[in-house]
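To keep things clear, I will list the structure first and then write my remarks on it.
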Amino acid sequence: SQIPSFRLPETVLDEEVNYILDLGIHTHFKHYVDSLKGVLEKDYDAIFVGTGAPRGKDLPKLPGRWEGQANIHIGINWLASVAFEHTAKVGKKVLVIGGGNTAMDCCRTSRRIGGDDVKVVVRSPFADMKASPWEKEDAQHEDIPIIDNHVPKSFVVEDGKLKGMTFEKVAPVYDENGKRKLVPTGEPDVFFEADDVILAIGQDNAFPW
């Protein structure tokens, strides 16, 4: 539900899943797990939990986050909303914050549903981004610039409406062990306009059961 169909078409997904189902394994679909203890008591020899990391990280303390919340989205939730057709359009100017594959999916999806001016802004250097090289290339081929070494500083909201974000410019400094530190350059803060901001800054495990 969170991988765009242009990257993983439904027909391909069905084919891959059927390879596994056709092995003759026993499946339980539409079966809600509300207790891991209940699963452990079923006396399986081994249990593998593969629920992913379904909770997207937020920037709850960044100034303006809650004043502009109507146009600030959590990446993986937003992708699922597009996949299930709850979300069909996005503003003309879109900022995607983050440097992983989810960020690449968000920016390319934005392009497809109305984003004319889509930018990816990431705090790390371009070479250190977590996104796969081909994911970055695919985004750039769609005229989506990737702006590195910019740390989010605030959401700019005027009269209750999101206008964009300000960023602090940083430079990477590496110690003798190769550990990276992002150091402010002292240059003026940078402002980018945005109708919508999509946060794709990482995911946490979430096990409500």
Side-chain angles (χ1 to χ4, degrees), residues 56-79 82 87 89-175 178-204:
K57 290 184 179 176
D58 203 341
L59 293 172
K61 295 181 181 175
L62 213 64
R65 168 64 180 95
W66 303 111
E67 294 87 338
Q69 63 178 318
N71 296 95
I72 300 169
H73 318 281
I74 304 297
I76 57 168
N77 299 353
W78 184 81
L79 287 171
V82 173
T87 297
K89 62 182 181 1
V90 74
K92 297 289 184 190
K93 295 178 180 178
V94 181
L95 290 180
V96 177
I97 312 302
N101 287 339
T102 300
M104 300 301 103
D105 287 343
C106 287
C107 70
R108 296 180 67 202
T109 299
S110 296
R111 268 301 220 184
R112 285 158 173 75
I113 63 170
D116 289 336
D117 177 2
V118 181
K119 294 182 180 74
V120 174
V121 186
V122 59
R123 54 183 296 154
S124 66
F126 183 85
D128 292 353
M129 287 171 61
K130 291 179 180 174
S132 307
W134 57 89
E135 297 282 1
K136 295 192 279 188
E137 287 172 18
D138 286 346
Q140 290 176 312
H141 287 157
E142 293 182 18
D143 295 323
I144 299 170
I146 297 173
I147 301 160
D148 64 354
N149 295 321
H150 281 61
V151 175
K153 201 165 179 184
S154 69
F155 296 96
V156 177
V157 181
E158 294 176 7
D159 299 324
K161 185 165 175 57
L162 181 72
K163 294 294 183 181
M165 288 186 74
T166 57
F167 297 86
E168 182 177 47
K169 292 186 75 173
V170 294
V173 175
Y174 299 89
D175 65 18
K179 192 173 180 184
R180 187 192 74 201
K181 191 175 177 184
L182 296 174
V183 179
T185 63
E187 296 172 77
D189 290 345
V190 177
F191 171 74
F192 292 124
E193 286 186 72
D195 300 312
D196 283 285
V197 171
I198 303 171
L199 300 176
I201 55 173
Q203 290 158 221
D204 289 320

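We number each residue from 1, following the sequence as shown.
Using a 4.0 Å cut-off between a side-chain N of Lys or Arg and a carboxylate O of Asp or Glu, E142 and R111 do not qualify as a salt bridge. Using a cutoff of 4.0 Å between basic side-chain nitrogens and carboxylate oxygens, D138 and R108 are scored as salt-bridged. Contact check on K169 versus D189 returns no salt bridge, with no Lys/Arg side-chain nitrogen under 4.0 Å from an Asp/Glu carboxylate oxygen.
Ring geometry for F167 versus F192: interplanar angle of 30 to 60°, hence tilted.
Atom-to-atom distance recorded for C106:SG and L199:CG is 9.0 Å, nearest 0.5 angstrom. Atom CG in L59 sits 9.0 Å away from atom CD1 in I72 (nearest 0.5 Å). Residue T102 holds its OG1 atom at 12.0 Å from CH2 of W78, rounded to the nearest 0.5 Å. Here CE of M129 is found 9.0 Å from CG of N101. Values are rounded to the nearest 0.5 Å. Considering OG of S110 and NZ of K92, their distance stands at 12.5 Å, rounded to 0.5 Å. Considering CZ of R180 and OH of Y174, their distance stands at 5.5 Å, rounded to 0.5 Å.
Summarising the geometry of I113 relative to V82, their closest heavy-atom pair is CD1-CG2, 4.1 Å, with the distance given to 0.1 Å. Pairing each heavy atom of D105 with each of T109, the nearest pair is O-OG1, 2.7 Å. When all heavy atoms of P152 and I97 are compared, the closest pair comes out as CG-CG2, 3.9 Å. The two atoms that bring L182 and P125 nearest to each other are CD2-CD, 4.4 Å, heavy atoms only. The heavy-atom pair separating E168 from P184 by the smallest distance is OE2-CB, 3.6 Å.
Annotation: cation-pi geometry satisfied between K136 and F126 (NZ/CZ under 6.0 angstrom from ring centroid, within 45° of ring axis).
At least one donor-acceptor pair closer than 3.5 Å links the side chain of W66 to the backbone N or O of P60. D195 contributes a side-chain N or O that, together with a main-chain N or O of K93, makes up a donor-acceptor pair within less than 3.5 Å. Between the side chain of H141 and the main chain of A139, no donor-acceptor pair closer than 3.5 Å is present. No donor-acceptor pair under 3.5 Å is formed between the side chain of S132 and the backbone N or O of W134. No donor-acceptor pair under 3.5 Å is formed between the side chain of N149 and the backbone N or O of A171.
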May I have the step-by-step check of side-chain contact (heavy atoms from CB on, under 4.5 Å) for I74 and K57, ending in yes or no?
CA-CA 7 Å; I74 304 297; K57 290 184 179 176; over 6 Å; no
Would you check, one step at a time, whether the test side-chain contact (heavy atoms from CB on, under 4.5 Å) holds for V197 with L162?
CA-CA 9 Å; V197 171; L162 181 72; 3.8 Å; yes
Output, in order, the C-alpha distance, side-chain angles, deciding distance and verdict of side-chain contact (heavy atoms from CB on, under 4.5 Å) for M104 and V96.
CA-CA 8 Å; M104 300 301 103; V96 177; over 6 Å; no
Show the numbers, then the answer: is there a side-chain contact (heavy atoms from CB on, under 4.5 Å) between D175 and K181?
CA-CA 8 Å; D175 65 18; K181 191 175 177 184; over 6 Å; no
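Within the 4.5 Å cutoff, the side chain of T166 has heavy atoms near those of the V156 side chain. In this structure the side chain of V122 never reaches within 4.5 angstrom of the side chain of I147, judged on heavy atoms. H73 has its side chain out of reach of T87: every pair of non-hydrogen atoms, C-beta onward, lies at least 4.5 Å apart.
The stretch residues 117-126 participates, sequence neighbours left out, in these salt bridge (charged side-chain N to carboxylate O under 4.0 Å, His left out) pairs: D117-K119.
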